[in-house]
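Input: a single structure, listed below in structure tokens.
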Amino acid sequence: MLNDLLDRIPRPSGVLYLSQDIDPHALVENLASRHGEPRALILDGTTDPGVSEIHGTGLLDLLEGRAETVVAWAHAGQWLGAGTALDTQGDIVPVLATVPRQAQTLPAGIAERDEDWVERLIGITGWILPPQRPDVDWAQIEERMGVPLPRDYKRMVEVFGEGAFDAYLHLNQEPWTDDWKKDGLLVWANTEHENLYCWQIDDADPDRWPVTIRTYDGESVSFGCSTAEFVCRILLEKDHPFSMARYFDTHWFMTYRTNA
């Protein structure tokens, strides 16, 4: 039923007013099981003061002041909203709505600045922090790995949890070793194209490990940047050799978490 409702929303921007027989709380929970925790845009008629264009405020513009309680998710090239609003008869009914998301670019000269790449990644994907971050025992994992791990990678796992950027780049919750450690590699992500996203662990400081891609045909390609910076760049730079910007103008994180 949910897919049928989503298909009925007018595109690229539109609102679908639903029957009062539909439970708006169940609707939001079903969407959250697919897309992760939503961002609250408006609650009981009061707009969240932190809402901006990059957080889906276009959905509220679309509802023209009739929104009662609306939450939103960033997904692919759109903001998807769900909740309740006043219909044309003045009744509070469940609603679904969608508007396009703005494409982002990487500002010139950003590599020369002290940039928090994880924060930038949150902005690029429109990711909403879950109320409880994944419980990860890094001391135990690092003891098992035999090496400390990069700080920005650990923060990415804590912030995003289990899932995939653009439903393509799968973020490992702890690195793979398998047979790769003998080559000086730890695998922190992978893709359906069988490319392995690794670090070359040839420095005592893990924050200095270069990102190294081991392609499906066995080639190794290294990049002198941190893990989070690398992900930001492949999301936004169309000329990057492993670019995802060639396929998507806007980006999202597809969570594998459920609200069970």
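Nothing here was measured: the structure is a model prediction, and the numbers come from that model.
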Contact between [X] and [Y] at the side-chain level, heavy atoms closer than 4.5 Å - yes or no?
| X | Y | result |
| --- | --- | --- |
| D91 | Q20 | yes |
| R120 | C232 | yes |
| F223 | P241 | yes |
| L41 | R39 | yes |
| L80 | I9 | yes |
| L18 | L27 | yes |
| V231 | I124 | no |
| L121 | L235 | yes |

Report, as yes or no, whether the 6.0 Å neighbourhood of atom CD on E119 holds more than 12 heavy atoms from other residues, nucleotides or ligands.
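Buried by this count: over 12 neighbours within 6.0 Å.
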
Apply the test side chain to side chain contact (heavy atoms under 4.5 Å, CB included) to residues D183 and R214: give CA-CA distance (whole Å), side-chain angles for both, the deciding distance (0.1 Å), then the verdict.
CA-CA 11 Å; D183 296 329; R214 179 64 65 90; 4.0 Å; yes

In the single-linkage hydrophobic clustering (I, L, V, M, F, W, Y; side-chain heavy atoms under 4.5 Å), do [X] and [Y] co-cluster?
| X | Y | value |
| --- | --- | --- |
| V71 | L16 | yes |
| I22 | L86 | no |
| V136 | M145 | yes |

Can you tell me how far [atom2] of [Y] sits from [atom1] of [X], rounded to the nearest 0.5 angstrom?
| X | Y | atom1 | atom2 | answer |
| --- | --- | --- | --- | --- |
| I213 | S220 | CD1 | OG | 9.5 Å |
| I234 | L169 | CD1 | CG | 5.0 Å |
| L196 | N190 | CG | CG | 6.5 Å |
| L171 | M254 | CG | CE | 12.0 Å |
| M1 | N30 | CE | CG | 7.5 Å |
| W188 | W199 | CH2 | CH2 | 7.5 Å |

Please name the pair of heavy atoms, one in [X] and one in [Y], separated by the smallest distance, quoted to 0.1 Å.
| X | Y | value |
| --- | --- | --- |
| I42 | A67 | CD1-O, 3.7 Å |
| T98 | L62 | O-CD2, 3.6 Å |
| L149 | K154 | O-CE, 3.5 Å |
| W252 | A74 | CB-O, 3.7 Å |
| L186 | V147 | CD1-CG2, 3.8 Å |
| I122 | V159 | CD1-CG1, 3.8 Å |

Intermediate values then yes/no, side chain to side chain contact (heavy atoms under 4.5 Å, CB included), D48 and L43:
CA-CA 7 Å; D48 186 318; L43 179 63; over 6 Å; no

With side chain to side chain contact (heavy atoms under 4.5 Å, CB included) as the test, would you mind laying out the steps for L31 and W73 before giving the verdict?
CA-CA 9 Å; L31 288 167; W73 297 263; 3.5 Å; yes

With distance as the sole test, does [X] use its side chain to make a donor-acceptor pair with the main-chain N or O of [Y] at under 3.5 Å?
| X | Y | answer |
| --- | --- | --- |
| D23 | H25 | yes |
| R66 | L60 | no |
| D87 | G90 | yes |
| D116 | V118 | yes |
| R246 | K238 | yes |
| E68 | I92 | no |

Can you find a side-chain donor-acceptor pair between [X] and [Y] that sits under 3.5 Å?
| X | Y | value |
| --- | --- | --- |
| S243 | E237 | no |
| S226 | W117 | no |
| N195 | T215 | no |
| H251 | D166 | yes |

Enumerate the residue pairs fulfilling side-chain hydrogen bond (donor to acceptor under 3.5 Å, both in side chains) with a member in residues 204-213, sequence neighbours excluded, ordered by first and then second residue.
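Qualifying pairs, neighbours excluded: R151-D207, D203-R208, T212-S222.
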
What verdict does the side chain to side chain contact (heavy atoms under 4.5 Å, CB included) test give for L6 and L96, after you've listed the backbone C-alpha separation in whole Å, the side-chain angles of each residue and the deciding distance to 0.1 Å?
CA-CA 8 Å; L6 294 175; L96 289 169; 4.2 Å; yes

Is the ring pair W127/F253 parallel, tilted or perpendicular, if the boundaries are 30 and 60 degrees?
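It falls in the perpendicular class, over 60°.
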
How are the rings of F230 and F242 set relative to one another: parallel (under 30°), tilted (30 to 60°) or perpendicular (over 60°)?
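The rings of F230 and F242 sit tilted, inter-plane angle from 30° to 60°.
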
Under the criterion salt bridge (Lys or Arg N to Asp or Glu O under 4.0 Å), I'd like the reasoning laid out for E229 against R233: C-alpha separation, chi angles, the key distance, then a yes or no.
CA-CA 6 Å; E229 178 181 352; R233 291 190 175 280; 2.9 Å; yes

Apply salt bridge (Lys or Arg N to Asp or Glu O under 4.0 Å) to residues E174 and R144 and explain how you reach the verdict.
CA-CA 10 Å; E174 62 179 85; R144 186 164 59 249; 2.9 Å; yes

Is the F160 to F165 ring centre distance short of 6.0 Å?
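For F160 and F165, the ring centres are under 6.0 Å apart.
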
